[in-house]
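Data first, discussion second: the structure below is written as structure tokens.
From a predicted model like this one, the values you see are computed outputs, not experimental measurements. Each chain gets a letter, A, B and so on, in the order the sequences are listed, and its residues count up from 1.
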There are 2 protein chains.
Amino acid sequence: MELAEIYAAFRRIAPYTHRTPLLTSRLLDRLLGKRLLLKAEHLQKTGSFKARGALSKALTLKGPKGLLAVSSGNHAQGVAYAAQVLGVKALIVMPEEASPLKKAATRAYGAEVYDRGVTVENRERVAQALLEETGYAFIHPFDDPLVVAGQGTAGLEALAQAARLGVFPEAVLVPVGGGGLIAGVATAVKALSPATLVLGVEPEGADDARQSLERGEIVGLPEAPRTRADGVRTLALGRYTFPILRERVDGILTVSEGAILEAERLLFTRTKQVVEPTGALPLAAVLEHGGGLPQTLALLLSGGNRDFSP
Amino acid sequence: MELAEIYAAFRRIAPYTHRTPLLTSRLLDRLLGKRLLLKAEHLQKTGSFKARGALSKALTLKGPKGLLAVSSGNHAQGVAYAAQVLGVKALIVMPEEASPLKKAATRAYGAEVYDRGVTVENRERVAQALLEETGYAFIHPFDDPLVVAGQGTAGLEALAQAARLGVFPEAVLVPVGGGGLIAGVATAVKALSPATLVLGVEPEGADDARQSLERGEIVGLPEAPRTRADGVRTLALGRYTFPILRERVDGILTVSEGAILEAERLLFTRTKQVVEPTGALPLAAVLEHGGGLPQTLALLLSGGNRDFSP
């Protein structure tokens, strides 16, 4: 993965994505004793950065009949939106037991949800059979250079926006699931601002990236971890993303469930922004590890898709 | 109330308030078939427009010993913030049975909460006694020209921001409680953009402004109305605000509790913004009366102070 690939992805997706704002909050800064730059991907199309990667890949396909993905989360909506942009169908494979709300949200973006007989165990096989049957193009949620390049555009934008504010981010904090977002962001940051640290953030119970970087090989979790941060329940880093993380990520911080909840609450009550638990991971890391972190931090708020409660 | 008074208020408060953004959402526009401009007062200092009016008044006082207000809502925080700016004490009279969360929020802004023996019935008398005892200056939540002028700056900004977008707002929709906000906004709008309608929005069960404008005299509610929109539970318009509404407000729309809830949900899930029920009143009016309303609407999202639920 080279910087040029991220620039190329940016040129592809720019007409269909938001340049999301880099928010600041004097209230949060004072409360936490830091200078925080919040990259607001909860305000991205489809409510998360996933629209970037899905579009980046989809826009390189030559006349696809449709797009197919396996996801019960934000990637489903990213792919559904990419299909809308291309004017083709989207078919999303989701376990039958996935939440009806998530199915509805995916359908609301015009995708077809395929869930008949689908379980967490058989979903990859079901997808393979559907790919052969339909001739649709598969969009992986993270382990694909074109997807990673798309996610990296969030980092590209954040650096440019920080520069415009006249602020140098000493570290960038990024949620880690399969590693697509942090691989892209780290590529942009290490090329354009090599002195900036790139730190991943995982829930304590889902620390496979931390273990993998420590051991120098991909360590998978035995089963889907229990965490509020449902965007990072991925079992392991990808074969494509892992080497990028080894080369370009400076460390992984883990956070408790309590810190995630408190970070969500702070974003909600202080900045009035709706950020999902996964998107609150970087702020949770500031709450738990703030003392050991540099002063000026860019936090990647990855998404904002959570339910409304009156 | 003249436009010049609003400009003067703007000059006073500008160093201590945010020029809150005028947000747009293509998703909401498509969903509702309108062009909506959302004046984001939930992103104002203290989380509501009340900081404007409190500061506008407080900054005209000559060396006050402290500020005193009667409020269990956003006005309390506005006055607490104004006192911070002036470097004096704030004393807020609140019924004992007011929510502990609201008391804590007011104290968090450095104010003292006075609630010993205070009830909804005796709070004005308690305040009067405290004023004499302390020599503090009283800040009324709405029935004061300097407060109204401060609230009007939100309208001034919204018009300037709409012009910068190249958009002409055919109507401005504003929540109505005591009438301070809409009196100020209507003064700005009718002076600068006379062809723009100014419409108030009230919950169905709290339609005293609608009745008052119909009858041509102030009609009070017999008791505090039950509504999600706790910012407009005021029993009646003020003696100062009522004549301004008569002269400058084109109509009052009422909305159901269901529409308020749905408007909050839309703002939360589609724009990822935390807006309190009162702040959602203008969007609720679009949901219930959209067909009869013009195409391009500025909505005053008055505040965002609501509790977080995980």
Chain B heavy atoms under 4.5 Å from A:Ser25: which part of the residue, side chain, backbone, both or neither?
neither
Can a donor-acceptor pair be found, under 3.5 Å and without considering hydrogens, that links the side chain of B:Lys272 to the backbone of A:Val274?
no
What's the separation between atom CD in B:Glu264 and atom OG in A:Ser309, rounded to the nearest 0.5 Å?
10.5 Å
Counting only heavy atoms not in A:Arg19 (residues, nucleotides, ligands), do more than 12 fall under 6.0 Å from its CZ?
yes
Against chain A, label B:Thr269 side chain, backbone, both or neither, depending on which of its atoms sit under 4.5 Å from a heavy atom there.
side chain
Is there side-chain contact between A:Leu261 and B:Phe308, with at least one heavy-atom pair below 4.5 Å?
yes
For A:Lys34, I'd like to know if atom NZ has over 12 heavy atoms of other residues, nucleotides or ligands within 6.0 Å.
yes
May I ask you to test the A:Pro310-B:Arg228 pair for a side-chain heavy-atom distance under 4.5 Å?
yes
Name the region of A:Asn305, side chain, backbone, both or neither, that has any atom closer than 4.5 Å to a heavy atom of chain B.
both
Take atom NZ in B:Lys103; do more than 12 heavy atoms of anything else shown fall under 6.0 Å from it?
yes
Contact origin within A:Arg26 toward chain B - heavy atom pairs under 4.5 Å:
side chain
Within residues 150-162 of chain B, which positions have a heavy-atom distance to chain A below 4.5 Å?
none
Do B:Gln273 and A:Leu43 come within less than 4.5 Å of each other through their side chains, counting heavy atoms only?
yes
Inspect the surroundings of CZ in B:Arg226 and state if more than 12 heavy atoms from other residues, nucleotides or ligands are less than 6.0 Å away.
no
Filtered by a 4.5 Å non-hydrogen cutoff, the part of residues 76-84 of chain A contacting chain B is none
Residue part contacting chain A, namely of B:Arg270, when any heavy atom lies under 4.5 Å
neither
